[in-house]
Every structure is written in C-alpha cells, then in structure tokens.
Amino acid sequence: MLNLEGRVAVVFGVANKRSIAYAIAQKLAESGCTLAVGYQNDRLKAESESLIAGLPSAWSFPCDVTSDAEIERSFAELKSRYGTIHILVHSIAFAPAPEIHNDFVETSREGFRIAHDISVYSLIALARAAAPLMTGGGSIMTMTYYGSEKVFPNYNVMGVAKAALEATVRYLAVSLGRRNIRVNAISAGPIKTLAARGIGDLGAMLRGHAERAPLGRNVEQAEVAGAAVYLASDLSSGVTGEVTYVDAGYNVMGF
Ligand code: NDP
C-alpha cells in the first residue's frame, strides 16, 4: 500500500457501503490520508456518518453540489480545519429517471440541464473551490463510464454527460496544471451500486461485460479504488487530463 500520510483527501459521493466513493475513501484512509467526506443531505447523514465512523480521523459534512452557497460554506470549513488539502474525489452523478428510461430523442431540456449540472458542472465548481486550498499541488479525480464514447442501451443523457465530463477533465487539467494540480478521470466498468441500479437492465449489462472483457469478469469497487490511490499519489505525478480505464479491458474490444 502507498504511504499518503500527511495528505488531506476530500471525497464526494458516499451514499452507502456499495458506493465507489466509499471504497476509495477506505483505501485512502488505509494509505494514511486524513479524510473529509461530503454527503448530499440530511437524508444520507446517518448512513454516511456511520460508514465514516469506521475510517480513522475522518470527518463528514453535508454538501449538495447544486448549491454554490453550500460548496462555498463547505470549503470555508475545510480551510479552517485543514488549511491545505491535497486530493479531491468527485464521484457524483444524477439524471432524472425518465431521461434514462425514455427513448433518447425524448430527452427534455430540464432533464438534460439537471444531468449536466449535477454530473458535470459540479466538478468545475468543486475544483474551483478546492484549488486555492491545494497550495502544495494536488490531484483531482472523477468517475466516468465508456457510455461517453459508445452507445449503451438505457445510458442515454448520462452518456452525453460523461462525454462532457471527460472534456471537462481535459480543460481543467490545462486550467490548473501550472499550479501543479492534476485532473484525471477513472472509467469504471459496470458495478452494482445505487446509481447503477437506476440504469435499466443492469444485469444484462454486467453479464455482457463479463463475457466480452479480456479478463472475462466484471470489476469491483476496490479495483477502482486502487487506481484512485495511484492517481492520488506521486506515482502519477506526470499524469493529467487522462481517462484511466478500470474495466477489465472491455474498452479495447472491437468484436
Ligand atoms: P452511488 O449511488 O453510490 O454514488 C452516486 C453519488 O452521487 C451518491 O452519493 C449521490 O448521493 C451523489 N449525488 C447525486 N446528486 C448529488 C448532489 N446534488 N449533491 C451531492 N451528491 C450527489 O453510485 P456509484 O458509486 O456507482 O457512482 C459514483 C460515480 O461513479 C458516478 O459518477 C457514476 O456515474 C460513476 N460510475 C459508476 C459506474 C457503475 O457501474 N456503478 C460505472 C462507471 C462510473 P444521493 O444518493 O443522495 O443521490
């Protein structure tokens, strides 16, 4: 395990124990990071706080990323607690259910806006708030999916949002690079989480993925977390603006 002692990591997107963000928080804690974990609202407070209680030195705070005021308040609190932060994990996505289930051509203006606000713009807003606290450089990462590049049934507006998210990673990498802040995405294979269960016929997706992927199986949250720790560490000091695939190799297949 890498040693990240002395680093402060801020993680957004822990909903429950299956969340990719929870696996990342666990591995960062095992590596010695001090952790601050953002959860969306009071509905998630009890679950989030009970999970976080199991991680040494972790603190959790509410932050709905659709609110500029909540982001500002959260980072003011982070500044007064820690002064400097080193790692930001953005593991957040949302689209209204009809936008996922309807025929893509029926995508509504409001559904498109919400999906992009929560799943894409929030990365820009969090990066802008985090950058002044990353005085010694930093690593920012987000979670994406191959539906950004190829069409997957039922992924719909979320595929368009993930394409925008990956472009956002590249633009942020340039915007923040001279401050030695790196920005990357991890493209995870399908994993049964709360968010993924919103996508229709996840079972078929998991079976098809395991059949076709070079490794002949699906990936687990802990494997995504392994890549996250690498991106958080100095081992990836020359890597920015990239999409790293943790998908058992699925994306290299043509047929
Ligand atoms: P989870 O449902 O566990 O995590 C999604 C998180 O986003 C939840 O914590 C959710 O909170 C949070 N969120 C949604 N809206 C807001 C908001 N307004 N403010 C703050 N937080 C919000 O699922 P995953 O762990 O699967 O998803 C994490 C990321 O990984 C997403 O970006 C997803 O697209 C991506 N990903 C997932 C894959 C998979 O197959 N599972 C594959 C590839 C990428 P709440 O529960 O309150 O809505």
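For the numbers below, each heavy atom of this structure counts, side chains included, while hydrogens, waters and symmetry mates do not. Ligands are counted one by one from 1 in listed order, and the atoms in each one are counted from 1 as well.
Taken to the nearest 0.5 Å, the CE atom of M205 stands 3.0 Å off from the OH atom of Y145. Rounding to the nearest 0.5 Å places OG of S91 at 11.5 Å from CG of L123.
Taking the charged nitrogens against the carboxylate oxygens, R212 and D247 have no contact shorter than 4.0 Å, which rules out a salt bridge.
For the residue pair R182 and S236, a side-chain donor N or O sits within less than 3.5 Å of a side-chain acceptor on the partner. Between the side chains of H86 and S139, not a single donor N or O lies within less than 3.5 Å of an accepting N or O.
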Kindly print each ligand 1 N/O atom paired with any protein N/O atom under 3.5 angstrom away, one pair per line, or none if nothing qualifies.
unit_1	atom_1	unit_2	atom_2	d
ligand 1	2 (O)	A195	N	3.0
ligand 1	3 (O)	S19	OG	2.6
ligand 1	9 (O)	G13	O	3.1
ligand 1	9 (O)	A15	N	3.4
ligand 1	18 (N)	D64	OD1	2.9
ligand 1	19 (N)	V65	N	3.0
ligand 1	23 (O)	T193	OG1	3.3
ligand 1	25 (O)	I20	N	2.8
ligand 1	26 (O)	T193	OG1	2.5
ligand 1	32 (O)	I92	O	3.3
ligand 1	32 (O)	K162	NZ	2.9
ligand 1	34 (O)	K162	NZ	2.8
ligand 1	40 (O)	I191	N	2.7
ligand 1	40 (O)	I191	O	3.2
ligand 1	41 (N)	I191	O	3.0
ligand 1	41 (N)	T193	OG1	3.2
ligand 1	47 (O)	Q40	OE1	2.5
ligand 1	47 (O)	R43	NH2	3.1
ligand 1	48 (O)	Q40	OE1	3.2

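A pairwise comparison of heavy atoms in G241 and N184 identifies N-OD1, 3.3 Å as the closest pair.
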